[in-house]
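I have placed the structure first, in the form of structure tokens, so that the comments after it can refer back to it.
Lettering follows sequence order; numbering is per chain, from 1. The analysis underlying the following values was restricted to heavy atoms, covering all of them including side chains, and did not include hydrogens, waters or symmetry mates.
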Amino acid sequence: MSSLAMEWTKLRPLHKTSRTVATAIGLAVTVSAVVAAAMAAHGAHMSSTERSHFDSIGTSLQGVNAAVLAVAVFGVLCVTREYATGMITTTFLAQPSRLRVLAAKLGTHSAVACVAGAVASVAAYAVGQALLGTAGLSVGWGAHQLVGALAGGAIYLVLICVWGVGIGALTRSSSTGITWLASLLVVAPVIVQILPPGVVHAVGRWLPSQIGMRAIAGRPDPHSFGPWTGLAVLGGYVLLTVAAGAWRMVRTDP
Amino acid sequence: MIEVRGLTKRFRGRVAVEDLTLSVQPGTVTGFLGPNGSGKTTTARMILGLTQPDSGTATIGGRCYRDLPHPLREIGALINPGAVNPSRSALEHLRWLAAANRLPAARAETVLTKVGLEAVADRRVGAFSLGMRQRLGIAAALIGDPGVLLLDEPINGLDPEGIRWIRIFMQSLAAEGRTVLVSSHLMSEMALTASELIVIGRGRLVAAESVASFTARVDSSVRVRTPQLDALAAALTSGGATVWREDDRLDVVGMPIEQIGAVAAQVGAVLYELSPQQASLEEAFMHLTSAECEYVVEPTPVADTVAAELAELAA
């Protein structure tokens, strides 16, 4: 518990924490607004079948995909900044159990990511629905699967933040860690897109970005994992990475 | 009290510390002395659980650092004054340390006042000078009011006023009954600060004793001035002493000062001066660690080289 208090006291006064939360929410709302506005403008030309298949929830929550990078970097930096400044030695002096240090970082940072993720999801949805409503494409707050999609968005952001902490512990370098995460979240889907169609579906469903898309979607997609299966797969990646990061933190002296 | 037994650490096959055994007693300032690269910092890091030893143990009051439930209450350490998040204020830095070991948050203000930084408590650590960071590092070491202090090169980068402050501060901590181990490669500073010494070279123990007995290890010479230089030099040499003749005086080694006086009386030499020359800690250190130095620079006979070049030019 004292390690949690330690990490929390470290986190609290930093403007970076509030800036990360603000950035995540701001990105989510902005992107959702742009996507929803574009869809609303397009809505006039939609056929009735297109309208019936339109994913109003998923469209409104598109901003979560933008917030994800802010949360990922937040996770990576919480470990790598301490190695870069050498402060990790002071941290280990105060708490010699390195596993407790890592657990406390995971606890505090995922709590922040959870709050940021929940607020970002709800705010993005509110803005997205308001704009889609102008074209009669909104489904409102009583929609079926809405709670699942909002929770999915928040859980997705928490998992990515935890992944960031794990990658930070594994790489100990801000630039390397952020490059890894950006490659997994942004570059990998671009590369997969140029593969033959059969391969796209086979490989695509394993991508973290695809899993994130399904977590916030209001309609199922036959080529992807279901939202909860997908999040479980992502949880598996995260668990392996955190285990590897913990192993390196304990075994290799700073 | 710090106990180290058979501590050994190699980095990629290169020995950093080898079979080091030592103990540091409370109530005195113990200097931890050695040339650069002799293993002082590695030893300190192993005592603090930051580096895993290959073999051997290091304990603080009988327990390993990693087994201490609230280590900052047992031992305070200054190991790297730069190890602070630059965007945090001094007070914030000390507050998370206090929180980590369940200490009251007010301890942060108390130790800041103790090191004289209360006026800059809310300033970003990134804007601190090296001297201020050293003081902040000492404040951090004191936060848990520990009985043992381990300070690695605390006077690095300090101005003379800061050095004086730290010296008096360490001595007052020892006078309170605390165990104070302070590492340095500056012998002159240790001569003023420490009363006990632990000297290492190439990761091995060279000496562990009081400053006085360490200095006495180097042969002390006796200076003699007399108008009868030749007669006295001959008599002393035949008596078994080693004598260097310098202008109007003799430097004598290997004969007690009383016996030198007696020999002078026998040969009827008039003495202008008969004085013991105490070797400095620095000389003792150089003498004992010359074989243990990691990096040795051969002295270049500059004058000879210049003379040779001038001769060449003249020819």
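Here the side chains of S2(A) and N101(B) are not in contact, with every heavy-atom distance at 4.5 Å or above. Side-chain contact between K10(A) and E92(B) is absent, with no heavy atoms from C-beta onward closer than 4.5 Å. Side-chain contact between W96(B) and L11(A): absent, with no pair of heavy atoms (C-beta onward) separated by less than 4.5 Å.
Shortest non-hydrogen contact noted between Q52(B) and D253(A) is N-OD2, 2.9 Å. The two atoms that bring L93(A) and Y65(B) nearest to each other are O-OH, 2.6 Å, heavy atoms only. Listed here is the closest heavy atom pair of R45(B) and T89(A): NH1-CG2, 4.0 Å. The two residues A83(B) and M87(A) come nearest to each other via the heavy atoms O-CG, 3.4 Å. Residues M6(A) and A100(B) come closest through the heavy atom pair SD-CB, 3.4 Å.
Both the backbone and the side chain of T91(A) come within less than 4.5 Å of a heavy atom in chain B. If you measure heavy-atom distances from R251(A) to chain B, you find no contacts under 4.5 Å at all. Of the two parts of T90(A), the backbone and the side chain both hold a non-hydrogen atom closer than 4.5 Å to a non-hydrogen atom of chain B. For a residue to count as touching a neighbouring chain, one of its non-hydrogen atoms must lie under 4.5 Å from one of that chain's; by this rule L50(B) touches chain A with backbone and side chain alike.
Dense packing is recorded around CE of M132(B), with more than 12 heavy atoms of other residues, nucleotides or ligands lying under 6.0 Å away. Within 6.0 Å of the CZ atom in R123(B), the count of heavy atoms belonging to other residues, nucleotides or ligands does not exceed 12. Heavy atoms of other residues, nucleotides or ligands lying less than 6.0 angstrom from CH2 of W165(B) number more than 12. Within 6.0 Å of CZ on R100(A) lie no more than 12 heavy atoms contributed by other residues, nucleotides or ligands.
Atom-to-atom distance recorded for L97(B):CG and Q95(A):CD is 12.0 Å, nearest 0.5 angstrom. Going from atom OG1 of T9(A) over to atom CZ of R88(B) covers 9.0 Å, rounded to the nearest 0.5 Å.
Chain A forms the most heavy-atom pairs under 4.5 Å with one residue out of L68(B), V84(B), L48(B), D67(B), and that residue is V84(B).
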